[in-house]
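Worksheet for the structure shown next.
Just so you know, these numbers come straight off a predicted model, no measurement behind them. Indexing begins at 1, ligand by ligand and atom by atom, following the structure's order.
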Amino acid sequence: MKLTIIGSGYVGLTTGACFAEVGHEVMCVDNDPKKIETLLAGDIPIYEPGLAEMVTSNVAAGRLKFTTDTPEGVRHGDVVFIAVPTPPNPDGSVDLKFIEKVAREISPAIDSYKVIVDKSTVPVKTGEKVAETIKRYAPDADFDVVSNPEFLREGSAVEDLMKPDRIVIGANSDRAMAAMQKVYEPFHAPVLATDIASAELIKHAANSFLALKISYINAVSAICEASGADVELVAEGIGMDKRIGRQFLNAGLGYGGSCFPKDIAAFIAISDELGVPFTLLKEVERINADQLERFLKRLREKLWVLEEKKIAVWGLAFKQNTDDIRCSVALDLVEKLVAEGAEVRAYDPKAMDRVRALPLAEKITLTDDPIAACEGAEALVVATEWPQFARADFAKVKEKMLSPLVFDGRNLLDPKTMISLGFEYQAIGRGAPIN
Ligand code: UDX
């Protein structure tokens with residue numbers, strides 16, 4: 001099929017590449033000429049495992065094209081996906097100005113029947129607004145609006161898109177639904193067909209539930225710390241119940257990233273607006289913020305004063321396998337350490353270039369490898385769950401450090417190994433004495 005993706009960011013670019021991979025003819029549009037230039041030159045502006053290879057091979061096969069010209073994109077596609085950013089307003093509600101702008105811009109170019117698909121994460125009822133807008137600017141346009149939320153995780157986006165758990169299609173017309181079924185046929189995944197509003201809600205409800213699961217285990221981790229229990233064993237024990245499941249029960253510094261914090265705030269805002277406040281989610285947010293504060297308190301208890309203390313930080317991305325630092329708890333942690341006068345030496349396997357572009361970079365030392373970050377350190381903090389950190393040469397780490405104190409904010413390391421190597425090891429919710 002001929003498909004168009006408007007917005008070539010994390011979601012748009014990966015979705016476009018995967019659609020091309022299964023044989024569709026895809027045109028990716030972006031209004032940032034620099035981004036399109038980069039893509040046309042064969043470079044990928046983001047790090048996402050497997051994406052660069054997929055883009056290169058599909059461009060070579062002529063199935064993936066890039067343009068800055070929105071009308072050209074609309075004329076190309078039978079199905080036009082909108083994958084533009086939906087940033088938060090200061091009150092947590094979603095700023096839909098980019099969606100509105102795209103709806104306006106595509107209207108005059110609709111020259112035949114088009115399915116206009118909202119892929120961006122939006123509050124319930126946005127589909128209605130997109131349809132109203134297109135009708136206002138192109139009263140004779142033949143189109144249907146569909147909601148088709150994405151559920152991809154950064155770091156495994158290609159895999160999530162190629163082998164999805166489910167495809168949710170919210171449409172109010174059989175014609176649009178049939179076109180969407182055809183788009184997704186090559187993926188052989190279960191399709192849930194719904195109305196538009198339900199599809200929009202599924203996205204917010206799914207992300208909020210996952211965040212709730214994380215906050216739940218983080219709240220349990222605080223009780224573990226106070227009582228001497230081990231949150232890893234508790235998570236394993238409750239996760240063995242198939243109704244609960246072990247996934248997303250990893251206690252840590254809290255969730256971050258471009259989705260969870262924003263989507264939960266947006267779900268709270270839309271529920272308030274609809275007159276049915278979702279107060280449970282406010283508690284999810286509170287627990288998440290508290291997790292970092294409790295961790296810092298423990299660090300202060302150990303080091304007494306943070307000012308002038310050399311602290312090594314491993315991990316700056318918001319999670320493993322990505323260079324994305326948006327709403328990264330690891331960065332929040334570094335900001336707070338710096339604000340208290342600590343001398344931070346930090347390392348991340350993929351996010352260094354992005355951090356270098358921040359004003360914060362002036363106030364910390366970025367090192368070329370994790371061992372160098374530990375030079376003279378009085379504490380090492382593991383802030384992102386990169387698996388390679390667990391495989392580090394801890395004998396070398398210990399040699400470099402001034403005092404062998406490790407604060408594992410992601411429960412990534414093996415406590416027994418760390419203790420046997422002579423470290424003082426502190427983690428999240430692992431209150432039981434380690435011997
Ligand atoms: C999330 C959803 O998983 C995805 O389905 C949706 O489309 C977009 O939002 P993503 O933001 O890429 O994906 O990351 P995810 O893997 O869900 O992790 C989010 C945050 O939660 C990270 O900061 C991670 O460190 C944290 N996390 C995750 C935990 O603290 N504990 C866990 O058990 C899982």
Side-chain angles (χ1 to χ4, degrees), residues 9-12 14-15 18 46-49 51 83 85-86 119-122 147-161 163-168 199-200 202-221 231-232 234-236 238-239 244-267 284-285 287-292 295 314-333 348 350-351 382-387 389 408-412 427-429:
Y10 273 96
V11 171
T14 339
T15 307
C18 291
I46 53 170
Y47 170 72
E48 192 59 52
L51 181 62
T86 48
K119 198 68 43 236
S120 306
T121 302
V122 292
S147 166
N148 171 222
E150 50 81 16
F151 300 101
L152 59 90
R153 290 164 300 173
E154 287 180 25
S156 54
V158 169
E159 204 192 316
D160 288 350
L161 276 163
K163 290 183 220 143
D165 288 347
R166 83 300 207 186
I167 306 288
V168 174
E200 290 169 333
I202 285 168
K203 177 60 195 271
H204 269 156
N207 269 5
S208 300
F209 190 79
L210 291 170
L212 175 123
K213 243 183 133 177
I214 299 169
S215 275
Y216 184 86
I217 200 67
N218 281 338
V220 170
S221 80
V231 74
E232 292 300 315
V234 176
E236 202 180 323
I238 60 176
I244 299 174
R246 178 62 183 80
Q247 287 187 56
F248 278 71
L249 284 180
N250 295 324
L253 292 175
Y255 59 77
S258 67
C259 292
F260 282 175
K262 180 180 80 128
D263 291 354
I264 283 126
F267 207 20
V284 168
E285 283 184 327
I287 294 167
N288 200 52
D290 203 39
Q291 205 65 3
L292 178 57
F295 189 76
W314 282 2
L316 296 166
F318 85 96
K319 65 168 193 181
Q320 82 284 25
N321 284 336
T322 181
D323 63 349
D324 196 347
I325 52 170
R326 289 175 290 173
C327 287
S328 165
V329 183
L331 274 189
D332 288 349
L333 170 101
D348 187 279
K350 290 284 171 204
V382 179
T384 306
E385 60 274 41
W386 283 99
F389 292 157
D408 185 351
R410 296 290 172 184
N411 288 1
L412 190 72
I428 304 278

ask   = Which protein heavy atom lies closest to atom 1 (C) of ligand 1, and at what distance to 0.1 Å?
value = F260 CE2, 3.5 Å

ask   = Between K203 and ligand 1, which residue portion shows a heavy-atom distance shorter than 4.0 Å: side chain, backbone, both, or neither?
value = side chain

ask   = Hey, are R246 and E232 close enough for a salt bridge, meaning a charged N less than 4.0 Å from a carboxylate O?
value = yes

ask   = Counting each atom of ligand 1 from 1 as listed, which ones have a heavy atom of E150 under 4.0 Å away?
value = 7 (O)

remark   = When D348, D323, L333 are each screened for side-chain contact (heavy atoms from CB on, under 4.5 Å) with L316, the one that passes is D348

ask   = Between T384 and W386, is there a donor-acceptor pair closer than 3.5 Å when you use the side chain of the first and the backbone of the second?
value = no

task = Under 4.0 Å, heavy atoms only, figure out whether ligand 1 is touched by the backbone of Q247, its side chain, both or neither.
result = neither

key: Check: E385 main-chain N/O paired with K319 side-chain donor or acceptor under 3.5 Å   = no

query = Considering only heavy atoms of E385, which atoms of ligand 1 have at least one such atom less than 4.0 Å away?
reply = 24 (C), 25 (O)

remark   = Among non-hydrogen protein atoms, atom 7 (O) of ligand 1 lies closest to L152 O, 2.9 Å

task = Report the C-alpha separation of I264 and Y255 in whole Å, then their side-chain angles, then the decisive distance to 0.1 Å, and conclude whether the side-chain contact (heavy atoms from CB on, under 4.5 Å) test is met.
result = CA-CA 11 Å; I264 283 126; Y255 59 77; 4.0 Å; yes

Distance-only N or O hit between ligand 1 and F151, under 3.5 Å = yes

message = Can you confirm if the NZ or CZ of K350 lies within 45° of the ring axis of Y47 and under 6.0 Å from the centre of its six-membered ring?
response = yes

message = Test your reading of the model: is there a side-chain donor-acceptor pair from E200 to the backbone of V122, 3.5 Å cut-off?
response = no

inquiry  = To check your reading of the model: name the closest protein heavy atom to atom 3 (O) of ligand 1, its residue, and the distance in Å.
reply    = R153 CG, 3.3 Å

inquiry  = Counting non-hydrogen protein atoms only, what is the nearest one to atom 29 (C) of ligand 1? Give residue, atom name and distance.
reply    = I214 CD1, 3.6 Å

R410 near ligand 1 by a heavy-atom separation under 4.0 Å = yes

ask   = If we only count N/O pairs under 3.5 Å, is F318 in contact with ligand 1?
value = yes

ask   = Should F389 and R410 count as side-chain neighbours, where that means a heavy-atom distance under 4.5 Å?
value = no

ask   = I217 pairs by side-chain contact (heavy atoms from CB on, under 4.5 Å) with which of I287, N250, I428, V231?
value = V231

Atoms in ligand 1 with a heavy atom of E154 nearer than 4.0 Å = 12 (O)

remark   = Filtering C259, G256, S156 for the heavy atom nearest atom 8 (C) of ligand 1 leaves C259

key: N207, portion touching ligand 1 at heavy-atom distance under 4.0 Å   = side chain

request  = Of all the heavy-atom pairs spanning D263 and H204, show the shortest one and how long it is.
outcome  = O-CD2, 3.7 Å

request  = Indicate, as side chain, backbone, both or neither, the part of T384 found under 4.0 angstrom from ligand 1 when only non-hydrogen atoms are considered.
outcome  = neither

task = Give a yes or no on whether F151 atom CZ has more than 12 heavy-atom contacts from other residues, nucleotides or ligands under 6.0 Å away.
result = yes

ask   = Side chain, backbone, both or neither: which part of N250 has a heavy atom under 4.0 Å from ligand 1?
value = both

ask   = Within the structure, does Y255 bring an N/O atom to less than 3.5 angstrom of an N/O atom in ligand 1?
value = no

request  = Could you tell me whether some N/O pair between K319 and ligand 1 is separated by less than 3.5 angstrom?
outcome  = yes

